[in-house]
Amino acid sequence: MGGNLYQRIQKECEIHISMTLSSLVGQSPDLVVFLSLVEKCWQDFCDQMLTIRGIALVLDRTYVKQTPNVRSLWEMGLQLFRKHLALSREVEHKVLTGLLRLIEKERQGEAADRTVLSHLLKMFTALGIYTESFEKPFLEYTSEFYAAEGVKYMQQSDIPDYLKHVESRLHEEHERCLLYLDASTRKPLVAAAERQLLGHHTSAILDKGFQLLMEANRVNDLQRLYSLFQRVNALELIRQALSSYIQGTGQAIIMDEEKDKDLVSFLLDFKSSLDKIWEESFFKNESFSNTIKDSFEHLINLRQNRSAELIAKFVDEKLRAGNKGISEEELEIILDKVLVLFRFTQGKDVFEAFYKKDLAKRLLLGKSASTDAEKSMISKLKTECGSQFTNKLEGMFKDIELSREINDSFKQSSQTRTKLPSGIEMSVHVLTTGYWPTYPPMDVRLPHELNVYQVIFKEFYLSKYHGRRLLWQNSLGHCVLKADFPKGKKELAVSLFQTIVLLLFNNSQKLSFQDIKDSASIDDKELRRTLQSLACGKVRVLHKIPKGRDIEDEDSFVFNEEFSALYRIKVNAIQMKETVEENTSTTERVFQDRQYQVDAAIVRIMKTRKVLSHTLLITELFKQLKFPIKPADLKKRIESLIDREYLERDKNNPQIYNYLA
Ligand SMILES: *[C@@H]1O[C@H](CO)[C@@H](O)[C@H](O)[C@H]1NC(C)=O
Ligand SMILES: *[C@@H]1O[C@H](CO)[C@@H](O)[C@H](O)[C@H]1NC(C)=O
Ligand SMILES: *[C@@H]1O[C@H](CO)[C@@H](O)[C@H](O)[C@H]1NC(C)=O
Ligand SMILES: *[C@@H]1O[C@H](CO)[C@@H](O)[C@H](O)[C@H]1NC(C)=O
């Protein structure tokens, strides 16, 4: 009698379910109350169906099992419930509206009955209508909700707050799925919120907030920005914003010549703050790191000559004696950082020229802070650019060491000791031409005692090293003079030129500019600089008559009777200072040298290839030359080599060059 019994149970169930559901029609206008009525109805239904199933267990196990296309009692009940819920549209609609309203309330920060939510959503799932009847309208509604919220909040709040808000919204939606929504809703739900709150506002967020966040070093906010943008595949936009930010900020400083003095410090600080943000906010994303590198390279080479020069000067400043408060370790760190900037510069030869010029001064004037630091810098440069780059710099150190030995053996040599004037000590650095910067020779008339010394040293040196040529670089000489002032004995550290001028005052109280010029025979410009340093600087060993900053032909000078200072006093700071001429000649020499290198490269290439088109030759040159150069400049060098008959233009095709052996 299974079939009969099954049908009668089904019929009774249908009548009951239909009645219970219709009794809900028109019930409480209060959605919360209504939802709990439905919840109660569903709970009762479940309990009742379980009871019936328990009683008619045999039916499920025999009749249902043996007959095709017959549902189990539980399934049959669900199907009936589903059918009658669909028939009473008002109830279904009201349940959906009620659920959405509850969730909205929760989103607005009010408490909602999560048990009701959870039970009713389980009902949707059990009935198999969750996706169609709940999830779809819920996701649409969510999109609208966050679309409106996104627009409103973007207007109302600043970017850091907006990002925090978005972050907590996404977190809430995630939680919602753990608490009462079906797990399958999580992905589309979070995606809808992301799209509305972030995806639609990425450009606006960056425009409104990126620069501010970067400038204020807001590491945490930037990290939040990165993580959020990563969710909507918008990292590339941040990368672009980063690039424009670096270019914009850097360019303003780099192009401002008044800020040259602090340019390198600025670049170093800027770079380390970017690196920090990259590490802590951008999760060390490699393509961001490349952007930082590229932007820096671009920035630094905006003023190619100048940046390389300024970097060299910055290093000089750090390696010079008198940097109090910097430990060896700190110095190492600074040098490493500077090296990163150096890596970006295309004008490495400009750097080398200035570095060498400053290194020479540090070594020769004894102004180097630490030999270890010097050597460490050289080895860094060697690792960076190869030994060819540092050969000459290392040669300079060798000269210094060798000079120490020569100096000692000169002092000990008996043949010289007897001839030396007493009361004077002299030490000599012997520099190998080629290792050192070239200095314009400056002839002067040395006082007799010094002259004697030079002659004796020269004899000594040439007897040891036959066939060499010694030239005195007077501009690099420096002395310690002992002087008797009315107010006491002093020791003056002065340049050789200052020495020559001061010694003239051993026998005279007052000398005119012309007198000094005649006796000392120092180059006019150099003499004016020297007198200025003695009579117009901070420490005034001489007085100028009349007073004034510039040295005129009519000026006279008197010995400063009032001179009082520490016992040992330095007056030769001018030797460390770079003159305009020195600066120009250093740069010019670099460019001269580049021309030689271009010429040599052209000849080398043409010698192997014999015949080559203009385009191929230029391409090959760009490959071989290690400094920036314009095609127009290469063309000029090619013309010059044609004039000098190293090459000729092909008679049939002027775009082709032939090598002339
Ligand atoms: C790094 O950023 C780029 C966008 O510039 C993005 O395409 C890439 O997926 C990011 N890499 C990682 C590891 O997240
Ligand atoms: C670099 O310096 C040289 C000579 O001093 C000059 O001709 C050249 O235009 C400079 N280049 C740049 C990019 O400043
Ligand atoms: C030469 O020796 C003297 C001491 O005798 C020393 O003061 C001076 O620094 C030395 N010069 C060089 C170039 O080593
Ligand atoms: C300076 O003059 C005094 C005598 O007035 C003389 O003893 C001394 O040797 C002179 N010094 C020099 C360096 O010429």
Side-chain angles (χ1 to χ4, degrees), residues 149-171 194 197-256 258-300 302 307 310 314 330 333-334 336-338 340-341 344:
E149 181 171 287
V151 172
K152 187 168 138 217
Y153 274 61
M154 274 300 287
Q155 278 169 358
Q156 281 178 351
S157 42
D158 60 13
I159 295 302
D161 286 345
Y162 185 78
L163 295 174
K164 273 183 206 148
H165 179 74
V166 173
E167 192 178 57
S168 72
R169 275 306 196 201
L170 295 179
H171 180 70
E194 284 170 353
L197 292 175
L198 287 170
H200 291 174
H201 301 288
T202 44
S203 304
I205 290 173
L206 292 175
D207 288 350
K208 193 171 163 192
F210 189 71
Q211 179 158 0
L212 293 174
L213 293 182
M214 291 297 294
E215 276 169 0
N217 251 321
R218 302 273 288 255
V219 175
N220 294 333
D221 292 316
L222 285 164
Q223 190 196 66
R224 187 169 295 119
L225 177 78
Y226 184 97
S227 308
L228 290 174
F229 272 47
Q230 191 167 32
R231 291 161 159 270
V232 290
N233 281 328
L235 289 183
E236 180 56 18
L237 291 178
I238 303 189
R239 197 193 58 73
Q240 286 163 6
L242 178 67
S243 168
S244 341
Y245 168 74
I246 300 176
Q247 309 269 344
T249 310
Q251 198 154 333
I253 310 270
I254 283 243
M255 297 316 279
D256 184 350
E258 302 211 328
K259 299 210 169 107
D260 275 1
K261 204 163 64 66
D262 301 317
L263 181 66
V264 176
S265 316
F266 163 78
L267 288 175
L268 288 177
D269 291 347
F270 191 36
K271 179 80 173 38
S272 50
S273 87
L274 288 171
D275 286 346
K276 181 161 176 270
I277 289 174
W278 175 72
E279 263 186 52
E280 295 179 13
S281 308
F282 298 153
F283 296 90
K284 303 192 180 178
N285 183 314
E286 208 167 314
S287 89
F288 280 49
S289 144
N290 289 334
T291 296
I292 296 178
K293 273 191 216 135
D294 294 347
S295 309
F296 256 81
E297 184 164 349
H298 174 76
L299 271 185
I300 284 185
L302 280 176
S307 303
L310 291 172
F314 181 86
E330 284 166 324
I333 293 172
I334 295 176
D336 279 334
K337 286 187 176 173
V338 173
V340 175
L341 297 187
F344 294 138

(request) Go through the structure and list residues passing side-chain contact (heavy atoms from CB on, under 4.5 Å) with Glu330, not counting sequence neighbours. (result) Ile326, Ser327

(message) To the closest 0.5 Å, what do you measure between CG (Asn290) and OG (Ser295)?
(response) 10.0 Å

(request) Drop me the distance from Ile300's CD1 to Ser307's OG, to the nearest 0.5 angstrom. (result) 6.0 Å

(message) Test your reading of the model: is there a side-chain donor-acceptor pair from Ser281 to the backbone of Trp278, 3.5 Å cut-off?
(response) no

(request) Hey, could you give me each pair passing salt bridge (charged side-chain N to carboxylate O under 4.0 Å, His left out) that has a residue in residues 243-253? Not counting sequence neighbours. (result) none

(request) For Gln251, enumerate each residue passing the side chain to side chain donor-acceptor pair (under 3.5 Å) test, keeping only those at least two apart in sequence or located in another chain. (result) none

(request) Rounded to the nearest 0.5 Å, what's the gap from CZ on Phe266 to OG1 on Thr249? Could you check? (result) 6.5 Å

(request) Applying side-chain contact (heavy atoms from CB on, under 4.5 Å), name anything that partners Asp260, two or more places apart in sequence or on another chain. (result) Glu257, Arg303, Arg306, Leu310

(message) List the residues meeting side-chain contact (heavy atoms from CB on, under 4.5 Å) with Lys337, not counting sequence neighbours, and say none if there are none.
(response) Leu268, Ser272, Ile333

(request) Just jot down the salt bridge (charged side-chain N to carboxylate O under 4.0 Å, His left out) partners of Lys259, sequence neighbours excluded, or say none. (result) Asp256

Which atom pairs, one a donor and one an acceptor, fall under 3.5 Å between side chains of residues 224-239 and the rest of the protein, sequence neighbours left out?
unit_1, atom_1, unit_2, atom_2, d
Arg224, NE, Glu167, OE1, 3.0
Arg224, NH1, Asp221, OD1, 3.1
Tyr226, OH, Asn285, ND2, 2.9
Ser227, OG, Gln223, O, 2.9
Arg231, NH1, Glu194, OE2, 2.5
Glu236, OE1, Arg239, NE, 3.1
Glu236, OE2, Arg239, NE, 3.3
Glu236, OE2, Arg239, NH2, 2.6
Glu236, OE2, Gln240, NE2, 3.3
Arg239, NH1, Thr291, OG1, 2.9

(message) Restricting to non-hydrogen atoms, name the atom on Phe344 and the atom on Glu297 that form the minimum distance, rounded to 0.1 Å.
(response) O-CG, 3.6 Å

(message) Test side chain to side chain contact (heavy atoms under 4.5 Å, CB included) on Leu299 and Leu302; report intermediate values, then the result.
(response) CA-CA 5 Å; Leu299 271 185; Leu302 280 176; 4.1 Å; yes

(message) Take a 6.0 Å sphere around NZ of Lys208 and say whether it holds more than 12 heavy atoms from other residues, nucleotides or ligands.
(response) yes

(request) Kindly state each residue pair satisfying side chain to side chain donor-acceptor pair (under 3.5 Å) with at least one member in residues 154-165, sequence neighbours excluded. (result) Glu149-His165

(message) Counting C-beta onward and ignoring hydrogens, is there a side-chain heavy-atom pair between Gln211 and Leu206 closer than 4.5 Å?
(response) no

(request) Identify, with sequence neighbours excluded, every residue that meets side-chain contact (heavy atoms from CB on, under 4.5 Å) alongside Lys276. (result) Val219, Glu280

(request) With side chain to side chain contact (heavy atoms under 4.5 Å, CB included) as the test, would you mind laying out the steps for Tyr153 and Leu197 before giving the verdict? (result) CA-CA 9 Å; Tyr153 274 61; Leu197 292 175; over 6 Å; no

(message) The test is side chain to side chain contact (heavy atoms under 4.5 Å, CB included); show your working for Phe270 and Ile246 and say whether it passes.
(response) CA-CA 9 Å; Phe270 191 36; Ile246 300 176; 3.8 Å; yes

(request) Under the salt bridge (charged side-chain N to carboxylate O under 4.0 Å, His left out) rule, collect the residues that match up with Asp275, sequence neighbours excluded. (result) Lys271

(request) Please identify each residue that fulfils side chain to side chain donor-acceptor pair (under 3.5 Å) with Glu279, with sequence neighbours left out. (result) none

(message) Would you compute the distance between atom CG of Leu212 and atom CZ of Phe210 and round it to the nearest 0.5 angstrom?
(response) 11.0 Å

(request) State the CG-CG distance between Leu267 and Leu263, to the nearest 0.5 angstrom. (result) 4.5 Å

(request) Heavy atoms only: give me the nearest Phe296-Leu274 pair and the separation to one decimal. (result) CE1-CD1, 3.5 Å

